[in-house]
Amino acid sequence: MAHNPVNHPARPVYRAIGGLTGIYLVIFGVLGVLQTGDGELFAQDDKLVLGQGVNLAGSALSIALGAIVLIGVLIGRNVDVAINKWFGYLFQAIGLGSLALLRTDANYLDYSLATCVVMMLLGLVLLMAGMYGKVGTDEEAKAWRDARLVL
């Protein structure tokens with residue numbers, strides 16, 4: 001996208017923020033597996049991990065998504081930018097979708113209100129990291145700066 005900065009001076013910070021988000025997701029998932037490992041995959045027994053409701057399926061999903069974010073951060077080369085953007089949108093959708101299903105039998109991930117809010121916040125953080133973490137050539141950065149000066 002033309003309006004996203006290229007070679008932003010703080011891009012290492014945004015990349016680190018994306019990595020910390022992935023680490024949080026993996027830790028949350030591992031703690032969730034330890035807490036809910038003896039139950040069913042889609043149990044709805046209101047178990048809490050880090051103040052958030054989760055079951056074994058939600059924990060496994062968190063581990064998988066967090067691992068993909070971490071792999072993207074380790075690869076770099078704008079792979080992390082694409083993963084962070086798409087996963088940011090995905091986490092927004094997961095948060096809103098689970099919020100809509102919160103007090104129904106269709107709450108298969110056993111998310112609580114706190115989990116929905118955290119998923120939406122993680123989505124916003126990943127979007128921010130994806131929008132400002134792009135690395136490009138000097139020509140791309142100059143073209144972006146020139147386009148900004150016209151405004």
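These numbers come from the heavy atoms of this one structure, side chains and all, not from hydrogens, waters or symmetry mates.
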A.B. asks: Mark yes when over 12 heavy atoms from residues, nucleotides or ligands other than E40 sit less than 6.0 Å from its CD; otherwise mark no.
C.D. replies: no

A.B. asks: Would you compute the distance between atom CG of L25 and atom CG of L70 and round it to the nearest 0.5 angstrom?
C.D. replies: 8.5 Å

A.B. asks: May I have all residue pairs that pass side-chain hydrogen bond (donor to acceptor under 3.5 Å, both in side chains) and include part of residues 114-126, sequence neighbours excluded?
C.D. replies: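 Only S112-T115 qualify under side-chain hydrogen bond (donor to acceptor under 3.5 Å, both in side chains).
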
A.B. asks: So, the side chain of Q44 versus the backbone of N107: is there a donor-acceptor pair under 3.5 Å, distance only?
C.D. replies: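 Side chain of Q44 to backbone of N107, a donor-acceptor pair under 3.5 Å: yes, one is there.
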
A.B. asks: Can you get from V117 to L61 by hopping between Ile, Leu, Val, Met, Phe, Trp and Tyr side chains that sit under 4.5 Å apart?
C.D. replies: no

A.B. asks: Rounded to the nearest 0.5 Å, how far apart are CD of Q92 and CG of L126?
C.D. replies: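 Reported value, rounded in 0.5 Å steps: 9.5 Å.
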
A.B. asks: Salt bridge (Lys or Arg N to Asp or Glu O under 4.0 Å) with D46: which residues, sequence neighbours excluded?
C.D. replies: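 By the salt bridge (Lys or Arg N to Asp or Glu O under 4.0 Å) rule, D46 matches no residue at all.
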
A.B. asks: Rounded to the nearest 0.5 Å, what separation is found between the CG atom of L90 and the CG atom of L122?
C.D. replies: 11.5 Å

A.B. asks: For the residue pair L96 and M120, what are the closest heavy atoms and their distance?
C.D. replies: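 Looking at all heavy atoms of both residues, the closest pair is CD2-SD, 3.6 Å.
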
A.B. asks: Which pair of heavy atoms, one from L127 and one from K85, lies closest together, and at what distance?
C.D. replies: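 Closest approach of L127 to K85: CD2-O, 3.6 Å.
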
A.B. asks: I need the minimum non-hydrogen distance between M131 and P5, along with the two atoms involved.
C.D. replies: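 So the minimum-distance heavy-atom pair works out to O-CD, 3.6 Å.
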
A.B. asks: Test L102 against C116 for side-chain contact (heavy atoms from CB on, under 4.5 Å), laying out the working first.
C.D. replies: CA-CA 9 Å; L102 197 61; C116 298; 4.0 Å; yes

A.B. asks: Output every pair passing ring-ring contact (aromatic ring centres under 6.0 Å, His included) with a member in residues 17-75, not counting sequence neighbours, ordered by first then second residue.
C.D. replies: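 Sorted pair list comes back empty.
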
A.B. asks: Do V69 and L124 sit in one hydrophobic cluster, given that two such residues count as connected whenever their side-chain heavy atoms are within less than 4.5 Å of each other, even indirectly?
C.D. replies: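 Cluster IDs for V69 and L124 differ.
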
A.B. asks: Check whether R15 reaches the backbone of R11 with its side chain - one donor and one acceptor, N or O, closer than 3.5 Å.
C.D. replies: no

A.B. asks: How close do G29 and S62 get, heavy atom to heavy atom, and via which atoms?
C.D. replies: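 Smallest interatomic distance, heavy atoms only, reads N-OG, 3.7 Å.
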
A.B. asks: In this structure, would L65 and I63 fall into the same cluster of hydrophobic residues linked by side-chain contacts under 4.5 Å?
C.D. replies: yes

A.B. asks: Side chains of L101 and T104, heavy atoms from C-beta outward: is any pair under 4.5 Å?
C.D. replies: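 Yes - at least one pair of side-chain heavy atoms lies under 4.5 Å apart.
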
A.B. asks: Just how far is it from atom CD of E139 to atom OG1 of T137, taken to the nearest 0.5 Å?
C.D. replies: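 Between atom CD of E139 and atom OG1 of T137 there are 4.5 Å.
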
A.B. asks: What distance do L99 atom CG and L113 atom CG have between them, rounded to the nearest 0.5 Å?
C.D. replies: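 So the gap between those two atoms works out to 6.5 Å.
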
A.B. asks: For residues 97-143, pull every pair meeting ring-ring contact (aromatic ring centres under 6.0 Å, His included), keeping only residues two or more places apart or in separate chains.
C.D. replies: H8-Y132, Y14-Y132

A.B. asks: Roughly how far, to the nearest 0.5 Å, is the CE atom of M119 from the CD atom of Q52?
C.D. replies: 6.0 Å

A.B. asks: Above 12 or not: heavy atoms from other molecules or residues under 6.0 Å from CG of D45?
C.D. replies: yes

A.B. asks: Assess the residue pair T21 and N84 against the criterion (side-chain contact (heavy atoms from CB on, under 4.5 Å)); give the C-alpha distance rounded to whole Å, side-chain angles, the decisive distance to 0.1 Å, and a yes or no.
C.D. replies: CA-CA 10 Å; T21 304; N84 288 343; over 6 Å; no

A.B. asks: Side-chain heavy atoms under 4.5 angstrom apart, residues restricted to Ile, Leu, Val, Met, Phe, Trp, Tyr: same cluster for V26 and V49?
C.D. replies: yes

A.B. asks: Can you name the nearest heavy-atom pair linking A114 to G51, along with the distance?
C.D. replies: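 Closest pair (atom of A114, atom of G51, distance): CB-O, 3.6 Å.
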
A.B. asks: Which pairs would a plain distance check flag for residues 73-81, meaning a side-chain donor or acceptor within less than 3.5 Å of a matching protein atom at least two apart in sequence or in another chain?
C.D. replies:
from : atom 1 : to   : atom 2 : distance (Å)
N78  : OD1    : V135 : N      : 2.8
N78  : ND2    : V135 : O      : 2.6

A.B. asks: Which salt bridge (charged side-chain N to carboxylate O under 4.0 Å, His left out) pairs, counting each pair once, include a residue from residues 59-72, with sequence neighbours left out?
C.D. replies: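 Residue pairs with at least one partner in residues 59-72: there are none.
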
A.B. asks: Between V54 and L41, is there a shared hydrophobic cluster once you connect ILVMFWY residues whose side-chain heavy atoms come closer than 4.5 Å?
C.D. replies: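 In one cluster with V54: L41, yes.
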
